[in-house]
Structure formats: structure tokens, C-alpha cells
Amino acid sequence: MTIRVLLADDQALLRGTFRMLFDATDDMETVGEASDGREAVELAGAQRPDVVLMDIRMPEMDGLEATRLISESEELADVKVLILTTFEDDEHVAEALRAGASGFLGKGARPEELLDAVRTVAGGEALLSPTATRALITRFLAQPEPCPVSVPERLACLTPRERDVTALAALGLSNEEIADRLFVSPLTAKTHVNRAMTKLAARDRAQLVVVAYQCGLVSPVTGESGPEMSA
């Protein structure tokens with residue numbers, strides 16, 4: 001399957017470089033270029049890409065607002081946003097994830113890292129650069145936005161096992177690591193994660209992590225899962 005990528009960056013030279021990289025890769029193609037956030041939203045609606053490679057600092061509308069508009073659109077529910085920026089600090093990671101981004105990568109990444117990141121995000125997984133890893137997620141969610149409903153009500157739809165995998169995903173574990181921890185197969189772990197995302201209306205794994213921290217399933221201070229983990 002060919003991954004369709006939309007480029008959103010105000011620097012034409014960078015867009016051209018990325019286009020050459022993606023178009024030279026067998027499983028990817030560039031379907032459009034946007035020079036600002038507003039154009040990125042319009043092209044996302046017109047082209048329906050699998051992944052939008054989004055810069056943060058752009059004129060007219062920045063990448064964070066554009067990401068929020070894409071993520072909130074029911075028609076663009078299958079469009080994933082990968083933030084690519086020079087600003088790998090706590091504040092920008094926090095804003096990007098809350099806006100609905102599925103991944104966050106620094107512009108210093110190597111070409112093969114960028115290609116792998118696009119594949120990861122297109123596959124529905126969350127991706128954070130080495131600078132924006134588990135500890136960083138824990139740090140920015142130490143003072144999370146209030147959960148819109150009570151924790152018991154928000155998580156009541158999950159089975160005990162789904163709560164387990166959600167908590168472990170929030171700690172940054174992969175499906176394989178979750179499987180090892182719970183003594184199940186990786187496919188079973190993936191199935192539980194996908195069901196949890198569906199029940200909690202999380203677009204992808206990154207949003208599942210946000211919900212887990214916001215609702216207290218995982219402690220934002222220690223990064224440890226709560227005592228309700230089932231055996």
C-alpha cells in the first residue's frame with residue numbers, strides 16, 4: 001500500500017527536499033504541498049492524505065491550529081498528523097499532542113528516521129522523537145487539562161484487560177512489550193489496544209496515552225500505572 005503524504009511547511013526548499021525523498025521511496029508518494037496552516041487544512045480535505053507532515057511555525061495559521069482543525073474533523077478521521085519541527089521542547093510537544101498530532105519528530109532526524117516515522121504514524125501508532133520520549137510525556141501531563149467527565153465514567157467502558165493495556169501503552173510500551181508483560185501474544189495485545197482506542201474515541205495511540213494520563217490511569221508524576229491493574 002502506498003502512503004499518501006501531504007507536506008506543510010513555509011519553506012519551499014524543505015518541501016522540495018521532502019518531496020524528492022518521499023517520491024523516491026517505493027511505498028510513499030507526495031500528494032500536495034502547503035505553505036501555511038490554512039492551506040494545509042484545505043488540501044487535507046481535498047486530497048485526504050494518509051499523513052500530513054506538519055511544521056509548527058507557519059504564517060496565516062500555525063501548524064498546531066491546523067492540526068487541531070484536521071483532528072476535529074469527522075471527515076478527516078483517517079488523516080494522521082506528524083509534527084516535524086526544530087522546536088522539540090516540552091511546551092510544543094504538549095500542544096501538539098493535545099491538538100491531535102500522532103507523532104512528533106525533530107528536523108534533525110535522518111532521512112531513514114523520517115521515513116520510518118511516516119510509516120509508524122500511517123499504521124496508527126504513536127511516535128515521539130528521542131527528545132520527546134516517555135519522561136517528557138509524563139512531565140507535560142503532570143498538570144493535565146481536566147478530564148471532561150469523571151475518571152470512573154470515562155474508563156467504565158473498558159474491560160480490566162483493556163485498562164491494563166491502556167496503562168502500559170501510556171508508559172511507552174510497544175505491543176510486543178505489553179504482550180511480554182501480560183503473557184499474551186502481540187496480536188492479542190494489539191487487539192486490546194485497538195478496542196480501547198475505539199471505546200475511548202482516541203484517534204490513535206498518542207491520544208490513548210493522553211486520555212490515560214488525564215484520567216489518572218497512569219500517574220503523571222511517577223509514570224507508574226495505578227493499583228487497579230488486573231492480574
Show the nearest heavy-atom pair for residues [X] and [Y], with the distance to one decimal.
X	Y	answer
Leu6	Val31	N-CG2, 4.2 Å
Ile70	Leu76	O-CB, 3.8 Å
Lys199	Thr159	NZ-CG2, 4.0 Å
Ala169	Ile178	N-CD1, 4.0 Å
Ala212	Ala170	CB-CB, 3.6 Å
Ser102	Val121	CB-CG1, 3.6 Å

Any side-chain heavy atom of [X] sitting closer than 4.5 Å to one from [Y]?
X	Y	value
Val165	Lys190	no
Arg119	Ile3	yes
Leu7	Arg19	yes
Asp27	Thr2	no

As an exercise, state the distance from [atom1] of [X] to [atom2] of [Y], rounded to the nearest 0.5 Å.
X	Y	atom1	atom2	answer
Met61	Glu39	CE	CD	11.5 Å
Lys107	Leu14	NZ	CG	5.0 Å
Lys80	Thr67	NZ	OG1	13.0 Å
Glu176	Arg181	CD	CZ	14.0 Å
Leu155	Leu200	CG	CG	6.5 Å
Asn194	Leu208	CG	CG	9.5 Å

Go through Val52 and Val79 one step at a time and tell me if the side chain to side chain contact (heavy atoms under 4.5 Å, CB included) criterion holds. CA-CA 7 Å; Val52 179; Val79 178; 3.7 Å; yes

Test your reading of the model: is there a side-chain donor-acceptor pair from [X] to the backbone of [Y], 3.5 Å cut-off?
X	Y	result
Asp23	Thr30	yes
Ser71	Ala99	yes
Arg15	Asp9	yes
Arg4	Gln47	yes

Contacts of Arg68 meeting side-chain hydrogen bond (donor to acceptor under 3.5 Å, both in side chains) (sequence neighbours excluded), chain-then-number -> Glu65

Tell me every residue that passes side-chain hydrogen bond (donor to acceptor under 3.5 Å, both in side chains) with Arg48, counting only those two or more places apart in sequence or in another chain. none

Checking Val193 against Thr166 for the side chain to side chain contact (heavy atoms under 4.5 Å, CB included) test, could you report, in this order, the C-alpha distance in whole Å, the side-chain angles of both residues, the deciding distance, and whether it holds? CA-CA 6 Å; Val193 170; Thr166 299; over 6 Å; no

Looking just at side-chain N and O atoms, do Asp10 and Ser35 make a donor-acceptor pair shorter than 3.5 Å? no

Does either side chain, that of Thr188 or that of Ser185, offer a donor lying less than 3.5 Å from an acceptor on the other one? yes

Within a 6.0 Å radius of atom CG on Asp78, are there more than 12 heavy atoms belonging to other residues, nucleotides or ligands? no

Neighbour count above 12 (heavy atom, 6.0 Å) for Glu75 CD: no

Let me see the working for Phe22 and Leu115 under side chain to side chain contact (heavy atoms under 4.5 Å, CB included), right down to the final yes or no. CA-CA 8 Å; Phe22 293 131; Leu115 295 176; 3.7 Å; yes

After noting the C-alpha distance and the side-chain angles of Glu162 and Arg195, does the key distance pass the salt bridge (Lys or Arg N to Asp or Glu O under 4.0 Å) rule? CA-CA 7 Å; Glu162 289 164 355; Arg195 287 176 178 170; 5.0 Å; no

Please evaluate residues Val5 and Phe18 with respect to the criterion side chain to side chain contact (heavy atoms under 4.5 Å, CB included), reporting the C-alpha separation (whole Å), side-chain torsions for both, the decisive distance (0.1 Å), and the verdict. CA-CA 10 Å; Val5 183; Phe18 293 146; over 6 Å; no

